[in-house]
Amino acid sequence: MNIQTENDKIPQHIAIIMDGNGRWATEKGLPRTEGHRQGAKNVRVILEHAKERGVKYVTLYAFSSENWNRPKEEVNVLMELFRKYLKEDVADLQKNKVCVSFIGDRARFPEDMQERMNEVERETADYDDFHVVLALSYGARDDMIAAIKRIAMDAMDRKCMISAINEQVVNDALSTHGIPYPDLVIRTSGEQRLSNFLLWEIAYAELYFTPIYWPDFNEQDLDIAIEAYGRRNRRFGKV
Ligand code: FPP
């Protein structure tokens, strides 16, 4: 059993499934895309507050590999939102010396967005106070398949012995390499699923579900989630 210390009460890494934008909008008689716009605005609020509370890493599930199957118009609006977010909000994060990185299949995005993602990662790589990881076109199974292929290639090229494959080797082959495992996963909107998000990385994370829709999830709600986390007795599979 792991004994918690005072410091453990603040999760080092929070991963968030930002769900409920569509329902938030529909219930207000607005188009679903308005929910995404409001959701995008809320990202800034929650990131700022997480940083203030001493959280070091926040990973946001912004677009899953399955989300490409949504109606074309909705995908288009999301692309425009991401493009704007990359240009404006991410520039502010850069100014504030936040390390920003991306996980997921960025090859599926238009070239200008891919270039911007690469540029941001390059320019913010040395910042270490606060890290934001944006999961875009991300799916945990796809990420694990890519990792398995990398490890298999290394084994074939005799760069890695099969007997030497361990947790660290797998971690290093995933797109989340170098990022500590999430301590807390938050999913908004009442759904209680992981939806192919960071499956390997959250093996021992605490899960927190709230009925609040993402656009309404505010600083106080984040505090409540952090408090709930602080009351848990964490176990990591070892007695
Ligand atoms: C889930 O709501 C949310 C998404 C598919 C996209 C998440 C995107 C944002 C919060 C906005 C942009 C983010 C950034 C980082 C700029 P849903 O549409 O599945 O809601 P529903 O379940 O109520 O239909």
Side-chain angles (χ1 to χ4, degrees), residues 14-51 55 57-94 96 98-106 108-110 112-114 116-117 120-121 124 130-140 142 175 182 185-198 209-219 221-222 225:
I14 302 183
I16 308 180
I17 304 176
M18 306 177 288
D19 197 8
N21 294 345
R23 277 164 287 167
W24 179 90
T26 307
E27 287 179 16
K28 290 184 156 45
L30 299 167
R32 288 176 55 80
T33 48
E34 199 43 48
H36 295 316
R37 285 204 180 86
Q38 209 53 44
K41 279 193 200 159
N42 202 34
V43 168
R44 177 188 283 260
V45 175
I46 294 303
L47 288 180
E48 270 176 22
H49 194 60
K51 184 168 184 248
V55 176
Y57 292 80
V58 176
T59 299
L60 297 169
Y61 205 5
F63 195 74
S64 74
S65 35
E66 290 78 24
N67 284 153
W68 291 108
N69 300 323
R70 292 197 174 197
K72 200 164 173 277
E73 308 77 66
E74 187 172 341
V75 172
N76 287 344
V77 169
L78 280 167
M79 281 313 115
E80 279 323 302
L81 268 181
F82 295 143
R83 184 176 273 116
K84 187 165 177 276
Y85 188 83
L86 284 170
K87 206 171 145 200
E88 296 169 11
D89 296 55
V90 171
D92 282 346
L93 291 173
Q94 270 181 282
N96 288 313
V98 175
C99 175
V100 183
S101 58
F102 302 89
I103 54 172
D105 183 7
R106 74 185 72 176
R108 292 189 73 175
F109 289 97
D112 65 306
M113 288 174 71
Q114 291 185 41
R116 176 71 181 136
M117 291 185 219
V120 170
E121 279 185 341
T124 66
F130 186 58
H131 295 246
V132 173
V133 183
L134 290 164
L136 286 168
S137 190
Y138 175 84
D142 281 350
S175 67
V185 178
I186 297 174
R187 182 172 189 150
T188 58
S189 94
E191 307 298 338
Q192 302 195 3
R193 293 186 289 278
L194 295 174
S195 299
N196 205 14
F197 188 43
L198 301 172
F209 300 102
T210 167
I212 300 165
Y213 294 148
W214 172 252
D216 284 335
F217 185 83
N218 62 24
E219 293 104 318
D221 299 316
L222 182 64

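Index from 1, following the sequence. Atoms within each ligand, like the ligands themselves, are counted from 1 in listed order. Note that this is a predicted model, so its numbers are computed, not measured.
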Looking at ligand 1, is there an atom of it that comes within less than 4.0 Å of some heavy atom belonging to Arg32?
yes
Indicate the atoms forming the closest heavy-atom contact of Leu198 with Ala15, along with that distance.
CD1-CB, 3.8 Å
Please list, in number order, the atoms of ligand 1 under 4.0 Å from a heavy atom of Asn67.
5 (C)
Qualifying residue, where the test is salt bridge (Lys or Arg N to Asp or Glu O under 4.0 Å) with Arg32 and the options are Glu74, Glu27, Glu73
Glu74
Does Lys28 have more than 12 heavy atoms from other residues, nucleotides or ligands lying within 6.0 Å of its NZ?
yes
Just one of Val98, Asp89, Thr124 clears the side chain to side chain contact (heavy atoms under 4.5 Å, CB included) bar with Val132, so which one?
Val98
Within ligand 1, which atoms have a heavy atom of Phe82 less than 4.0 Å away?
12 (C), 13 (C), 14 (C), 16 (C)
Residue-ligand contact Gly20/ligand 1, heavy atom below 4.0 Å
yes
If I compare all heavy atoms of Arg44 with all of Asp92, which pair ends up nearest, and what's the gap?
NH2-OD2, 2.9 Å
Residue-level breakdown please: for Glu191 versus ligand 1, do any non-hydrogen atoms fall below 4.0 Å on the side chain, on the backbone, on both, or on neither?
neither
Show the atoms of ligand 1 that are less than 4.0 angstrom away from any heavy atom in Tyr85.
16 (C)
Mark up the atoms of ligand 1 that fall under 4.0 Å of a heavy atom belonging to Arg23, in ascending order.
21 (P), 22 (O), 23 (O)
So is Asp19 in contact with ligand 1, going by heavy-atom distances below 4.0 Å?
yes
Can you check whether Ser64's main-chain N or O pairs, donor with acceptor, with Asn67's side chain at less than 3.5 Å?
yes
Mind checking the CD1-CG spacing from Ile212 to Asp19? Nearest 0.5 Å is all I need.
13.0 Å
Using a 4.0 Å heavy-atom cut-off, say whether Tyr213 meets ligand 1 through its side chain, its backbone, both or neither.
neither
Test of proximity, Trp214 against ligand 1: N or O pairs below 3.5 Å:
no
Under 3.5 Å: N/O of Tyr61 near N/O of ligand 1:
no
Nearest heavy atom to atom 17 (P) of ligand 1: which of Met18, Glu74, Arg70, Lys84 does it belong to?
Arg70
N or O contact, Gly22 vs ligand 1, cut-off under 3.5 Å
yes
Is any side-chain heavy atom of Trp214 less than 4.5 Å from a side-chain heavy atom of Gln38?
no
